[in-house]
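To keep things clear, I will list the structure first and then write my remarks on it.
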2 protein chains.
Amino acid sequence: MKRRRRNSQRATMSEVAQLADVSPSTVSLYLRRPDEVSSRRAERIQTAIDRLGYLPNTMAGGLASSRSNIIGVIVPTITFSFFAETLETLERNLRAAGYQLLIGNTEFDPSREEELIRSILSWNPSGLVLTGFSHSRKSVSLLAKSDIPIVEMWDYGQEGLDMVVGFSHHTCGRLVAEHLLRNGYRHMAFLSTNFQRDIRARERYHGFRDAIADSGGSVVVRELAGRSNTAEAGKLLCSLVDEHPETQAVFCSNDMVALGAMFECQRQGWSIPGRLAVVGFGNQDFTDSTVPPMTTVEPPRQEIGDHIARLLIDRLKGDDTATRIDLGVRLIVRESG
Amino acid sequence: MKRRRRNSQRATMSEVAQLADVSPSTVSLYLRRPDEVSSRRAERIQTAIDRLGYLPNTMAGGLASSRSNIIGVIVPTITFSFFAETLETLERNLRAAGYQLLIGNTEFDPSREEELIRSILSWNPSGLVLTGFSHSRKSVSLLAKSDIPIVEMWDYGQEGLDMVVGFSHHTCGRLVAEHLLRNGYRHMAFLSTNFQRDIRARERYHGFRDAIADSGGSVVVRELAGRSNTAEAGKLLCSLVDEHPETQAVFCSNDMVALGAMFECQRQGWSIPGRLAVVGFGNQDFTDSTVPPMTTVEPPRQEIGDHIARLLIDRLKGDDTATRIDLGVRLIVRESG
DNA sequence: CCCTTTGATCGTAGCGCTACGATTATAGAA
DNA sequence: TTCTATAATCGTAGCGCTACGATCAAAGGG
């Protein structure tokens with residue numbers, strides 16, 4: 001029977017085997033566990049591989065072994081440096097262990113998560129990493145059926161589907177509130193990216209608000225309309241202070257928003273922290289060189305990636321290790337608040 | 001013969017077929033070209049799919065059709081917002097057309113590119129997107145053999161392996177130099193991330209330097225040691241001005257470096273642009289709210305993604321369209337220089 | 001009513017690899 | 001030397017799907 005034409009020029013394993021004068025099985029074995037092949041044949045096989053420029057066909061291998069070296073990761077966006085750094089660390093660790101990352105981003109649309117999960121599961125991945133705890137009912141049932149290790153990251157506190165690596169944003173909010181309260185501030189504001197998009201910012205706000213309420217301070221909140229926008233943050237801060245001139249300190253949902261706030265202060269001639277204390281979140285690289293240096297919170301961006309990789313690798317080796325890790329955050333006290 | 005146990009609980013296409021009382025072929029056809037299946041069976045098949053929670057096995061499909069819906073992308077890092085935005089746009093467009101991105105990052109180590117190319121090619125991708133023109137000889141021969149559409153992005157001016165979408169960094173450097181020269185600046189500096197890592201920054205420097213040399217101005221260059229670091233940028237600027245007090249304007253290799261420069265000016269009490277003009281690169285969100293607003297260059301971050309997606313989709317449909325696109329840059333003149 | 005045409009469905013043969021038992025080579029013990 | 005024990009190699013049967021020609025059903029023409 002006539003068949004569709006062979007896929008481009010790529011050599012197959014059989015061709016390698018033929019050239020090396022061994023069976024395809026031996027080539028396969030050489031590729032997977034080289035030390036179980038005699039050095040004489042190993043050498044012949046390697047020569048053949050080089051001669052033919054042989055590249056294994058990952059799909060064929062994956063199908064035959066009904067395993068894949070894929071780990072799926074779903075994040076809201078890769079343009080937040082937070083997630084990008086976690087991804088990069090995760091990728092580095094996992095690649096070293098022979099895994100390949102398949103990245104999906106929801107662009108902050110929670111309904112897209114399910115579609116991404118489907119698409120990733122159809123690759124038969126070895127594991128899956130999700131951001132946060134909030135998943136559609138359908139997604140949860142897909143995941144339950146899939147029977148692979150799941151990690152939920154960048155959050156902590158809820159039960160979780162399987163493994164969890166992150167920190168509590170609520171606690172983070174409290175931490176900042178307590179720091180400011182300790183320094184005598186009473187009237188606070190929370191200046192935030194949109195809560196709908198950034199649900200973790202809302203958690204931080206809740207922690208912040210609760211701690212302040214506990215000690216009798218006041219707190220005002222303002223949300224940006226769209227995506228994180230430094231200029232809009234400045235304007236919003238301005239109108240906030242206009243309406244609530246008693247405000248003494250503002251906790252921003254991320255360092256970029258805080259940067260916008262600081263520039264606005266400079267523009268208005270408000271001294272930092274004299275007139276207004278400003279605290280960021282993220283401890284991004286630039287925060288130590290603002291004027292004055294920015295007080296901020298350092299989330300364990302890379303540590304999250306490191307821990308997830310370790311957890312996943314252990315689990316895939318069969319070990320059953322710790323399944324919930326709270327990495328906490330570090331308050332970086334500088335001069336802005 | 002005893003076989004390894006079936007892969008988890010996932011239903012196969014045959015099971016769907018059985019439940020819907022049709023042949024597997026019909027299910028396959030329904031999934032690929034639904035309108036070629038009668039509505040009666042289509043309905044039965046869809047019901048069966050839903051009942052069983054069937055997810056197609058992408059690897060099996062890919063192997064059988066010796067095609068994959070994968071597009072590989074190799075970037076130096078995903079933590080640069082430039083590349084992240086291009087990736088996100090590319091992903092959005094390509095996903096809409098049914099493709100899946102496989103992202104590899106070299107972490108600025110050119111020698112890792114080859115390894116990534118191998119690893120991606122082993123997935124039998126439909127296309128491959130690389131950053132820049134610089135590839136090892138081995139990589140080039142791998143790519144030549146692979147016979148898939150290739151796009152080189154974020155650069156323009158050289159011949160290219162296949163398609164090219166980007167802009168000329170050399171021209172960009174000239175553009176900034178000409179702008180500054182026009183405004184009467186004669187003694188310039190280029191403050192840069194490490195040239196070894198960021199070879200496009202070096203190209204911009206060359207363009208900058210050449211244009212200045214043409215009109216008799218002077219230019220000094222300073223490179224950061226490691227990765228882009230705002231604080232280090234400030235210190236470096238300081239020592240630069242110390243050694244070359246005649247310096248009137250500084251072009252920074254990206255907005256973060258420029259931010260560091262601006263903060264240093266503020267700290268030193270140098271007026272911008274009176275004592276020192278500062279120009280960035282990237283037109284990142286925050287640049288319009290610095291004090292004073294930052295003059296910078298806008299690279300076509302998202303447009304690159306859009307064009308690549310279109311090119312790739314057209315090519316994969318068989319059309320043979322334009323293969324080299326120069327998107328140019330836009331100088332955003334604000335008040336800092 | 002039979003024959004043709006068109007559209008819908010199905011059966012078969014792989015895609016390139018891996019798992020695993022079977023077979024063969026090698027080395028050590030008796 | 002002969003027999004085991006062990007290591008190295010091989011043959012076979014799929015993994016779950018798609019491509020494609022073959023078959024079957026439905027609809028129209030004479």
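By convention in this document, chain letters (A, B, ...) are assigned in the order of the sequence lines, proteins followed by strands, and residues within each chain are numbered from 1. The model shown is predicted, which means the values in this text are computed figures rather than measured ones.
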Would you say A:Ile304 and A:Leu327 make side-chain contact, with heavy atoms under 4.5 Å?
-> yes
Of the nucleotides D:dA19, C:dG16, D:dT9, which has the atom closest to the B:Ser65 side chain?
-> D:dA19
Nearest-nucleotide comparison on DNA chain D, the residue closer to the 5′ end among B:Met59 and B:Arg32 | B:Met59
According to a strict under-4.0 Å criterion, is B:Arg10 in side-chain N/O contact with OP1 or OP2 of D:dG16?
-> no
Identify whether any heavy atom of A:Tyr54 sits under 4.0 Å from a base atom; if not, whether one sits that close to sugar-phosphate; answer base, sugar-phosphate or nothing.
-> sugar-phosphate
Full working for side-chain contact (heavy atoms from CB on, under 4.5 Å) between B:Ile117 and B:His135 = CA-CA 10 Å; B:Ile117 290 176; B:His135 321 291; 5.5 Å; no
Got a sec: does the CD of A:Gln18 have more than 12 other heavy atoms crowding it under 6.0 Å?
-> no
Do B:Phe108 and B:Phe80 have ring centroids that are under 6.0 Å from one another?
-> yes
So does A:Glu43 have more than 12 non-hydrogen atoms from other groups sitting under 6.0 Å from CD?
-> no
Ignoring the backbone of A:Asn57, work out which of C:dC15, C:dC17, D:dA19 is nearest its side chain.
-> C:dC17
Checking A:Arg10 against A:Tyr54: charged group under 6.0 Å from the ring centre and within 45 degrees of the axis?
-> no
Six-ring centre of B:Tyr30, B:Arg41 cation under 6.0 angstrom, axis tolerance 45° = no
Nucleotide nearest A:Met13 (side chain, heavy atoms from C-beta), chosen from C:dT18, D:dC17, D:dT18 | C:dT18
A:Val37 side chain, from C-beta outward: closest of C:dT9, D:dT9, D:dG16 | D:dT9
Between the two ends of the helix from C:dC1-D:dG30 to C:dA30-D:dT1, what is the bend in degrees, rounded to 10 degrees, where each end axis spans five pairs?
-> 50°
Flag the pair B:Trp123 / A:Gln100 as yes when at least one side-chain heavy-atom distance between them is below 4.5 Å, and no otherwise.
-> yes
Among the candidates D:dT18, C:dC10, C:dG16, find the nucleotide nearest to the side-chain atoms of B:Arg41.
-> C:dC10
Using a distance-only test with no angle check, is there a side-chain donor-acceptor pair under 3.5 angstrom linking B:Glu85 and A:Thr79?
-> no
Interface with DNA chain C, restricted to residues 22-29 of chain A and to heavy atoms under 4.0 Å | A:Ser25, A:Ser28
Write down the distance between CG (A:Leu63) and P (C:dA19), rounded to a whole number of angstrom.
-> 12 Å
Looking only at side-chain N and O atoms, does B:Ser66 come under 4.0 Å of OP1 or OP2 in C:dG16?
-> no
Taking only the side-chain heavy atoms of A:Arg67 (C-beta and beyond), determine which of D:dT9, C:dA19, C:dG16 contains the nearest atom.
-> C:dA19
